[in-house]
Amino acid sequence: MRRHDREITDRAEIIEVMKKAQVCRLALNDEDGYPYILPINYGVEERDGKIFLHFHSALEGRKLELMARDSRASFEMDTKHRLQYFADKGYCTYAYESVVGKGRLHMVPEEEKAASLACLMDHYHPGENAYFNPAAIPRTAVYCLEVESVTGKRKKPKPEN
């Protein structure tokens with residue numbers, strides 16, 4: 001990382017950024033070697049000292065085809081966006097927190113889908129034990145990324161004097 005002064009090194013802080021963000025951008029490897037990037041809803045779980053990201057989708061489609069060919073994936077998520085414009089100085093800056101990482105995806109077995117989907121629901125409805133119709137489980141693809149490496153970065157807002 002070029003700007004070490006902005007690096008988030010504390011793992012708990014990195015996980016907090018992951019929990020605050022609303023969208024994960026997942027990058028898969030397509031047939032031609034280009035990244036295939038898509039915004040996706042997710043849930044974050046920390047278990048046995050590892051970080052897991054939970055996702056869901058339809059039972060078929062391009063991302064599932066790409067995952068089947070190559071389970072490697074990268075991801076990015078960001079939050080606390082704040083554009084600052086200092087007209088008197090002719091200067092703009094942007095505050096943010098972000099996380100970038102990589103890992104491997106795997107399909108979640110049928111008997112573990114409900115727990116994985118509950119994790120995803122908890123991301124958007126924390127502490128509510130939000131209901132989802134169990135009839136949807138068999139017609140939903142559920143997959144998980146085990147994070148192999150992750151970095152975090154933060155740029156704090158500048159004082160507005």
Side-chain angles (χ1 to χ4, degrees), residues 8-83 94-157:
I8 303 171
T9 57
D10 182 83
R11 181 183 168 95
E13 286 185 57
I14 289 173
I15 292 171
E16 281 307 307
V17 172
M18 295 171 89
K19 288 180 178 180
K20 284 186 261 179
Q22 293 296 301
V23 175
C24 177
R25 288 157 195 88
L26 187 65
L28 306 170
N29 300 302
D30 81 2
E31 306 85 357
D32 298 323
Y34 286 94
Y36 176 73
I37 302 171
L38 57 150
I40 191 166
N41 295 331
Y42 68 100
V44 179
E45 177 188 22
E46 192 175 14
R47 177 175 19 105
D48 301 326
K50 296 179 181 178
I51 302 169
F52 298 89
L53 300 178
H54 297 268
F55 308 104
H56 77 296
S57 68
L59 292 172
E60 58 186 41
R62 182 161 169 79
K63 80 175 147 280
L64 294 180
E65 291 169 10
L66 294 176
M67 281 173 44
R69 287 182 64 250
D70 187 345
S71 66
R72 295 173 302 161
S74 295
F75 65 91
E76 185 277 343
M77 47 191 77
D78 49 77
T79 188
K80 289 198 172 180
H81 310 116
R82 183 171 169 199
L83 176 64
Y94 199 77
Y96 62 89
E97 291 181 345
S98 66
V99 169
V100 175
K102 63 183 178 181
R104 293 193 180 264
L105 291 157
H106 69 272
M107 298 304 294
V108 173
E110 198 67 33
E111 63 275 8
E112 296 175 21
K113 280 184 171 184
S116 192
L117 290 169
C119 176
L120 199 149
M121 291 291 285
D122 191 55
H123 184 79
Y124 297 98
H125 307 280
E128 294 179 24
N129 195 24
Y131 173 79
F132 59 90
N133 190 338
I137 294 173
R139 58 180 190 263
T140 303
V142 181
Y143 37 102
C144 182
L145 183 142
E146 183 175 337
V147 176
E148 296 172 356
S149 67
V150 63
T151 59
K153 192 172 180 181
R154 173 185 293 125
K155 183 174 182 211
K156 294 181 180 180

Please tabulate, for the side chains in residues 126-133, all donor-acceptor contacts under 3.5 angstrom to protein atoms that are two or more places apart in sequence or on a different chain.
residue, atom, partner, partner atom, Å
Asn133, OD1, Ala135, N, 2.9

Per-pair distances, 0.1 Å, donor-acceptor, side chain in residues 67-74, under 3.5 Å, sequence neighbours excluded:
residue, atom, partner, partner atom, Å
Asp70, OD1, Arg72, N, 3.0
Asp70, OD1, Arg72, NE, 3.0
Asp70, OD2, Asn29, ND2, 3.1
Asp70, OD2, Arg72, NE, 3.3
Asp70, OD2, Arg72, NH2, 2.7
Ser71, OG, Arg104, NH1, 3.4

Original post:
Excluding sequence neighbours, so at least two apart, what forms salt bridge (Lys or Arg N to Asp or Glu O under 4.0 Å) with Asp78?
Top reply: Arg25
**OP:** Just jot down the side chain to side chain donor-acceptor pair (under 3.5 Å) partners of Lys19, sequence neighbours excluded, or say none.
**Re:** none
Original post:
Taking all atoms of both residues into account, what is the closest heavy-atom pair of Leu145 and Gly103, and its distance?
Top reply: CD2-CA, 4.0 Å
Subject >> Closest non-hydrogen atom pair, Ser57 against Lys63 >> reply: CB-CE, 3.4 Å
**OP:** Please identify each residue that fulfils ring-ring contact (aromatic ring centres under 6.0 Å, His included) with His123, with sequence neighbours left out.
**Re:** Tyr42
**OP:** Kindly write out the residues that satisfy ring-ring contact (aromatic ring centres under 6.0 Å, His included) with Phe75, not counting sequence neighbours, or none if the list is empty.
**Re:** none
Original post:
Is the shortest heavy-atom distance from the side chain of Val44 to the side chain of Leu53 under 4.5 Å?
Top reply: yes
Original post:
By side chain to side chain donor-acceptor pair (under 3.5 Å), which residues pair with Glu110, not counting sequence neighbours?
Top reply: Lys113
**OP:** List the atom of Met107, the atom of Tyr143, and the distance in Å for their closest heavy-atom pair.
**Re:** SD-CB, 3.9 Å
Subject >> Heavy-atom check, side chain of Val23 versus side chain of Ile40, under 4.5 Å >> reply: no
Subject >> Nearest non-hydrogen partners of Val108 and Ser116, listed with the distance >> reply: CG2-OG, 4.0 Å
Subject >> Leu59 and Thr140, any side-chain heavy atoms less than 4.5 Å apart >> reply: no
Subject >> Step-by-step side-chain contact (heavy atoms from CB on, under 4.5 Å) determination, Ser98 to Glu76 >> reply: CA-CA 7 Å; Ser98 66; Glu76 185 277 343; 4.1 Å; yes
Original post:
Can you find a pair of side-chain heavy atoms, one from Asn41 and one from Gln22, that are under 4.5 Å apart?
Top reply: no
Subject >> Rounded distance [0.5 Å steps], NZ in Lys153 versus OG1 in Thr9 >> reply: 14.5 Å
Subject >> Nearest heavy atoms of Ala58 and Ala141, plus distance in Å >> reply: O-CB, 3.2 Å
Original post:
Which heavy-atom pair separates Ile8 from Ile14 by the least distance, and what is that distance?
Top reply: O-CD1, 3.5 Å
Original post:
Say you draw a straight line from CD1 of Ile137 to NE2 of His56; how long is it, rounded to the nearest 0.5 Å?
Top reply: 11.5 Å
**OP:** Under the side chain to side chain contact (heavy atoms under 4.5 Å, CB included) rule, collect the residues that match up with Leu83, sequence neighbours excluded.
**Re:** Tyr94
**OP:** Go through the steps to decide whether Val150 and Arg11 satisfy the test side-chain contact (heavy atoms from CB on, under 4.5 Å), and finish with yes or no.
**Re:** CA-CA 9 Å; Val150 63; Arg11 181 183 168 95; 5.7 Å; no
Original post:
Excluding sequence neighbours, so at least two apart, what forms side chain to side chain donor-acceptor pair (under 3.5 Å) with Glu45?
Top reply: Arg47, His54
Original post:
Is Leu105 close to Leu28 at the side-chain level, that is, under 4.5 Å between some pair of heavy atoms?
Top reply: yes
Original post:
With a 4.5 Å limit on heavy-atom distance, are the side chains of Met77 and Val17 in contact?
Top reply: no
Subject >> Distance (rounded to the nearest 0.5 Å) between Glu65 CD and Asp30 CG >> reply: 11.5 Å
**OP:** Take Ile15 and Ile51, measure what side-chain contact (heavy atoms from CB on, under 4.5 Å) needs, and give me the verdict at the end.
**Re:** CA-CA 8 Å; Ile15 292 171; Ile51 302 169; 3.8 Å; yes
**OP:** Using salt bridge (Lys or Arg N to Asp or Glu O under 4.0 Å) as the criterion, list what pairs up with Glu146, not counting sequence neighbours.
**Re:** Lys50
Original post:
With sequence neighbours excluded, what pairs up with Glu112 under the side chain to side chain donor-acceptor pair (under 3.5 Å) test?
Top reply: none
Original post:
Is any side-chain heavy atom of Val142 closer than 4.5 Å to a side-chain heavy atom of Phe55?
Top reply: no
**OP:** Could you tell me whether a side-chain N or O of Tyr36 sits under 3.5 Å from a main-chain N or O of Arg62, the two making a donor and an acceptor?
**Re:** no
Subject >> salt bridge (Lys or Arg N to Asp or Glu O under 4.0 Å) against Lys20, all qualifying residues, sequence neighbours excluded >> reply: Glu97
